[in-house]
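First the proteins, then the strands, lettered A, B, ... as listed; each starts at 1.
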Protein chains: 2
Amino acid sequence: MTTSPPRTTRRATPAKEARVPAARGRPRRQLDDSADRRDLILDAAESLFCVHGFHGVTVRQVATEAGVDPALLNYYFTSKRGLFDAVLLRRAEVVNTQRARSMDRYESSTAEMTVEGCLQAFFEPVLTLWESGGDGWRNYLRLIALVNSTPSWGGQAMTQYFDPVIHKLIGLLREVLPEAHAEDLFWCYHFVSGALSLSFADTGRIDNLSGGLCRSNDVAAVRKRLAYFLAAGTTQLCQRMAKTRD
Amino acid sequence: MTTSPPRTTRRATPAKEARVPAARGRPRRQLDDSADRRDLILDAAESLFCVHGFHGVTVRQVATEAGVDPALLNYYFTSKRGLFDAVLLRRAEVVNTQRARSMDRYESSTAEMTVEGCLQAFFEPVLTLWESGGDGWRNYLRLIALVNSTPSWGGQAMTQYFDPVIHKLIGLLREVLPEAHAEDLFWCYHFVSGALSLSFADTGRIDNLSGGLCRSNDVAAVRKRLAYFLAAGTTQLCQRMAKTRD
DNA sequence: TCAATTATTCAACGTTCGTAGAAATAAGTT
DNA sequence: AACTTATTTCTACGAACGTTGAATAATTGA
């Protein structure tokens, strides 16, 4: 208990980069797990980080939730931070290529684009994932919402994926609202982003506030209302600011 | 260093409630501090919690920032959680009575209320505090924004202060938009809250996104645009939903 | 079959965490 | 002055933290 068997001096395992499964020597399938342990860990981490944030979760909690040894997290992801980043990046490309495609499709198939149409093309793919992407996607979007409103987040890896589609949206809006000032379009996105984030955050706040009249995870209720609200806000902001000396 | 002087058995200090300064025996003023140590601690905690969240801050960091001994935090606030709650509650009543008064004033002084007027009466006091309330208020609003979008926050103590003014706002909007469904007004507030939160969160996100064109702490820029955006969104959402079978 | 590689477990390290008891200091009361 | 109470510091506990090295189990290529 107190005294321990003699330990030799520490020597690191040779490779210190995050472990990505190689083709050779990798077991194809676990005995009874349908998914890879690596993915199990990511799922567990996702479900915990999205509720409590990075600092509110311990690697031991993630390990327990995933049903694996804590050391395995470091084996695959090098560090707790590495795990967190891996969770963020896992679905980042998927969601954003879907959004990019959605906007491309809208742009090329529509003769007369509208503000509402652009915004819908921007967020409809995400709503769909939220609605029918399973718990994984729901947790992921919650996590993104949390990260999006956390100041201390210096996530440059994320902007790499998210910024292009945002600029694409702003580009579309610029065509529909040619008289709008550039900065006003950015401010519109700012407000859009805030409303979207809070919706995905799924805090249950509106449930309490409305005495059960509204449910914060009611995708169908959010869908139409978001479109109406954001489109009108964007249009009016830009039009009224365009008339202003400022 | 290794062996310590013999410690007697632990016995707790008699009082275990949070320490609130009494009238008797309390030193009136510290030697060189202009403010009470208790307030210094709250300020330090506020400035750290609003950036890193509850779990991202240690009591030792707060103590260092405040320039006091770590044990003093437990003396005044019993626990880390007690400190966090104290930070939240310190300014909660102030801001919300100001908002309540602002809406009362608007309601009683205006013959023909508007959606934009109601919303402005709701958030203008907060914008003013954000603009000219000093670092303390700016940090506090950041913290509220963070808490507002954190799912794991079971803050019933906060709702006690914040819910009444929200219901007051919804009551005003109901007068201006009598045809609106009740649930739509709650959804409007939901989106309003999201846009406001992200603005106060001051994440610097829009600064990067716009390449410096917008600054996320530019209160003047936010003020008008918020009013335009939210008023149009609210009006349109309610009007269009009112026409819908649903 | 056997050596090489990968995956997983085990036990523990060194550190930092929140918190507590006791002593010391300061202020107020009488 | 002495006494009482409030404030502050000192020291350190026990637990939990992220992480690691070495050992073991599983899988693969030859």
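- Rounding to whole angstrom units, CG of residue N74(A) and P of dT9(C) are separated by 14 Å.
- Between the CD atom of Q61(A) and the P atom of dT19(D) there is a distance of 15 Å, given to the nearest Å.
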Inset, instruction - Under the salt bridge (Lys or Arg N to Asp or Glu O under 4.0 Å) rule, what do D163(A) and R205(B) come out as? Steps first, then yes or no, please. - result: CA-CA 10 Å; D163(A) 281 9; R205(B) 193 89 181 71; 3.2 Å; yes

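- Applying the 4.0 Å criterion to OP1 and OP2 of dT19(D), one finds that R81(A) has every side-chain N and O outside that range.
- In this structure, Y75(B) does not reach the dA20(C) phosphate: none of its side-chain N or O atoms is under 4.0 Å from OP1 or OP2.
- In this entry the distance linking CZ of F77(A) with C1' of dG18(D) reads 16 Å, nearest Å.
- Look at NZ on K80(A): it is 19 Å from P on dT15(C), rounded to the nearest Å.
- For dT8(C), the OP1/OP2 oxygens have a side-chain nitrogen or oxygen of R37(A) closer than 4.0 Å.
- Between F122(B) and Y189(B), the two ring planes are perpendicular [angle over 60°; tilted spans 30° to 60°].
- Checked by atom type, the side-chain pair E124(A)/T128(A) shows a donor-acceptor distance below 3.5 Å.
- Protein atom CD1 of I41(A) is 10 Å distant from nucleotide atom C1' of dT8(C), rounded to whole Å.
- Under the 4.0 Å criterion applied to side-chain N and carboxylate O atoms, R142(A) and D135(A) are not assigned as salt-bridge partners.
- Taking every side-chain heavy atom of V68(A) into account, dT9(C) is the closest of dA7(C), dT9(C), dC17(C).
- You'll find that the side chain of R60(B) is closest to dA12(D), out of dT7(D), dA12(D), dT9(D).
- Using a 4.0 Å heavy-atom cutoff across all strands shown, V57(B) reaches sugar-phosphate atoms only and no base atom.
- When rounded to the nearest whole Å, the span between CZ of F84(A) and P of dC17(D) equals 18 Å.
- S149(B) and S149(A) form a side-chain donor-acceptor contact under 3.5 Å, judged by distance and modelled atom types alone.
- Residue L73(A) contributes atom CG, which lies 15 Å from atom C1' of dC10(C) at whole-angstrom precision.
- Separating the CG atom of D69(A) from the C1' atom of dA22(D) is a distance of 13 Å, rounded to the nearest angstrom.
- Relative to the side chain of L72(A), the nucleotides dC10(C), dT8(C), dC10(D) differ in distance, and dT8(C) lies closest.
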